[in-house]
Amino acid sequence: MKCATLIWVLLFLLRFGLFVDSMIDPVDFLALQAIRKSLDDLPGSNFFDSWDFTADPCTFSGVYCDGDKVIALNLGDSRAGSPGLSGRIDPAIGKLSSLTELSIVPGRIMGSLPNTISHSKNLRFLAISRNFISGKIPTSLGELRRLRTLDLSYNQLTGSIPISIGSLPELTNLILCHNHFNGTIPRFETQSLTRIDLKRNNLTGVISPVTFPVSLQYLSLAWNQLTGPVNRVLIRLNQLSYLDLSLNRFTGVIPGQVFGFPITNLQLQRNYFYGLVQPANQVTIPTVDLSYNRFTGEISPLLSNVQNLYLNNNRFTGRVPVSFVDRLLSSSIQTLYLQHNFLTGIEISPAANIPVSSSLCLQYNCMVPPVQTPCPVKAGSQITRPTIQCMEWRG
Ligand SMILES: *[C@@H]1O[C@H](CO)[C@@H](O)[C@H](O)[C@H]1NC(C)=O
Ligand SMILES: *[C@@H]1O[C@H](CO)[C@@H](O)[C@H](O)[C@H]1NC(C)=O
């Protein structure tokens, strides 16, 4: 009996951290308490069930310690379908001086990103996506010199992207898509930057050849109001594997070199790009969307290896190269949208069997399409462009 009591007392002491090694730093302890008080589980989430402050906080779910300091905080149940958290991010977050990683799952967290977050000088990974964070990005975020990933996508952030973000020396991933940022894009000097996603904001102004480093592999600026030419920007970014500039007001020409980059997805649609599309070699990009621009000239046969090619709603002229028809009939092309141009012919037999897996649209050109194929609804019902337009164009 006596022995059992002794063991029980020992266990009790262990649990309440009498052994100094297992005690969390009091500053971190209080910070976690404040963070907990400002947040709650949404109905159906039980993330905070394990947060019982009579136990060692380093054992809480989502809390990771090194010695007596919190080094990572992953707030919320990250399993798919979990409803996430509500509340606000307490400014005490900045008291966690050894924090290297902070993430919060999608949920309904409101309020702004506290300024104090810049006190967590060791932060390398900051990801709070798909909540309702509003206000501006604190300029002081630029003091987090070790930051590598900043993901604040799908929130309600406003104002401009602080210039200080552009000079973070170790920044690799910047994901700020689906917010309400306005103003111009700052210059990014960091040579380790590989991914920038700014799509669906309200960004304006022009981008210059020095805006982005050549290390960039993923660039999405889609759905903004950016203007000006991009040709001198693009020729430098020869490591791009993903490029989406769609739905802006960009102008100018697209250099042929771009089609030789190791890109898997090239989205340039719905801008004011013009000029000839002249790749230097066979293009092996699987998806190329150049639709709704002002490109002119003949369609290059070097584009016939593209599996999904959208050239519709431009000013392309001449005959469709025969290589496209060969690729189409052998099912190598899945989408070939050529509608709403000024094309004058295509070498295809009216009896040709277009594979069911392939979509071809030839509507509203300067020819009667030799084959009838289903077109997207947007292409309208007019089979051929009015003759007068075709004459003006050639005249
Ligand atoms: C962009 O700005 C306009 C005008 O200020 C506003 O109506 C629109 O909602 C904004 N869009 C986004 C995505 O913030
Ligand atoms: C950005 O939007 C705010 C309103 O949200 C406005 O006051 C400010 O002038 C805008 N800035 C720019 C550069 O458009």
Side-chain angles (χ1 to χ4, degrees), residues 84 86 88-89 91 104-118 126-144 149-168 171 173-190 193 195-213 216 218-230 232-233 242-252 265-273 289 291-293 313 378:
S86 64
R88 286 164 180 271
I89 305 168
I104 305 184
V105 299
R108 303 193 63 87
I109 294 174
M110 313 256 175
S112 56
L113 197 61
N115 236 321
T116 52
I117 203 148
S118 62
L126 175 56
I128 308 172
S129 180
R130 295 177 194 267
N131 276 278
F132 292 84
I133 309 288
S134 57
K136 296 182 175 183
I137 294 187
T139 306
S140 59
L141 223 60
E143 290 163 25
L144 296 172
T149 294
L150 178 61
D151 180 358
L152 300 173
S153 57
Y154 296 87
N155 280 292
Q156 308 287 332
L157 290 158
T158 52
S160 58
I161 300 168
I163 291 172
S164 60
I165 303 283
S167 58
L168 288 171
L171 195 65
N173 294 297
L174 181 67
I175 307 165
L176 300 176
C177 58
H178 290 258
N179 278 284
H180 307 293
F181 292 116
N182 66 2
T184 56
I185 300 177
R187 176 176 173 187
F188 294 95
E189 296 159 62
T190 315
L193 199 58
R195 185 182 178 102
I196 293 190
D197 190 345
L198 303 178
K199 77 170 160 286
R200 289 239 183 195
N201 280 289
N202 246 341
L203 299 166
T204 52
V206 299
I207 51 178
S208 95
V210 295
T211 303
F212 304 114
L216 216 53
Y218 183 108
L219 177 61
S220 178
L221 303 175
W223 290 86
N224 281 285
Q225 293 156 38
L226 298 160
T227 50
V230 294
R232 294 199 312 130
V233 178
Y242 184 98
L243 178 62
D244 187 354
L245 302 181
S246 63
L247 288 127
N248 278 286
R249 297 170 190 168
F250 288 124
T251 59
N265 205 323
L266 180 61
Q267 309 276 335
L268 301 176
Q269 70 273 22
R270 294 184 188 266
N271 280 285
Y272 302 118
F273 292 124
D289 193 340
S291 64
Y292 293 91
N293 278 290
N313 297 79
K378 254 193 193 154

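In listed order, ligands and their atoms are each counted from 1. Values in this document were obtained by computation on a predicted structure and should not be read as measured data.
D244 is not listed as a side-chain neighbour of N265, based on a closest heavy-atom distance of 4.5 Å or more.
Here is the list of ligand 1 atoms found below 4.0 Å of a heavy atom in H180: 12 (C), 13 (C), 14 (O).
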Going through the checks in order, is the side-chain contact (heavy atoms from CB on, under 4.5 Å) test met by L221 and I207? CA-CA 11 Å; L221 303 175; I207 51 178; 3.9 Å; yes

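The protein non-hydrogen atom at the shortest distance from atom 8 (C) of ligand 1 is N202 ND2, 3.7 Å. Protein heavy atom nearest atom 2 (O) of ligand 2, with residue, atom name and distance: N182 ND2, 2.2 Å. In terms of protein heavy atoms, atom 13 (C) of ligand 2 is closest to G183 CA, 3.8 Å.
When each of N182, N224, T184 is checked for a side-chain contact (heavy atoms from CB on, under 4.5 Å) with L203, only N224 meets the rule. Under the side-chain contact (heavy atoms from CB on, under 4.5 Å) test applied with F181, the options I137, T158, L198, N202 reduce to a single match, I137.
Contact annotation for atom 11 (N) of ligand 2: protein present (non-hydrogen atoms, distance under 4.0 Å). Distance screen at 4.0 Å: atom 5 (O) of ligand 1 has no protein heavy-atom neighbour inside the cut-off.
Where the criterion is an N or O separation shorter than 3.5 Å, residue side chain and backbone included, T158 fails it with respect to ligand 2. Where the criterion is an N or O separation shorter than 3.5 Å, residue side chain and backbone included, N201 fails it with respect to ligand 1.
Residues I128 and L113 come closest through the heavy atom pair CD1-CD1, 3.7 Å. Closest non-hydrogen pair, S220 versus Y242, comes out as CB-CE2, 4.4 Å.
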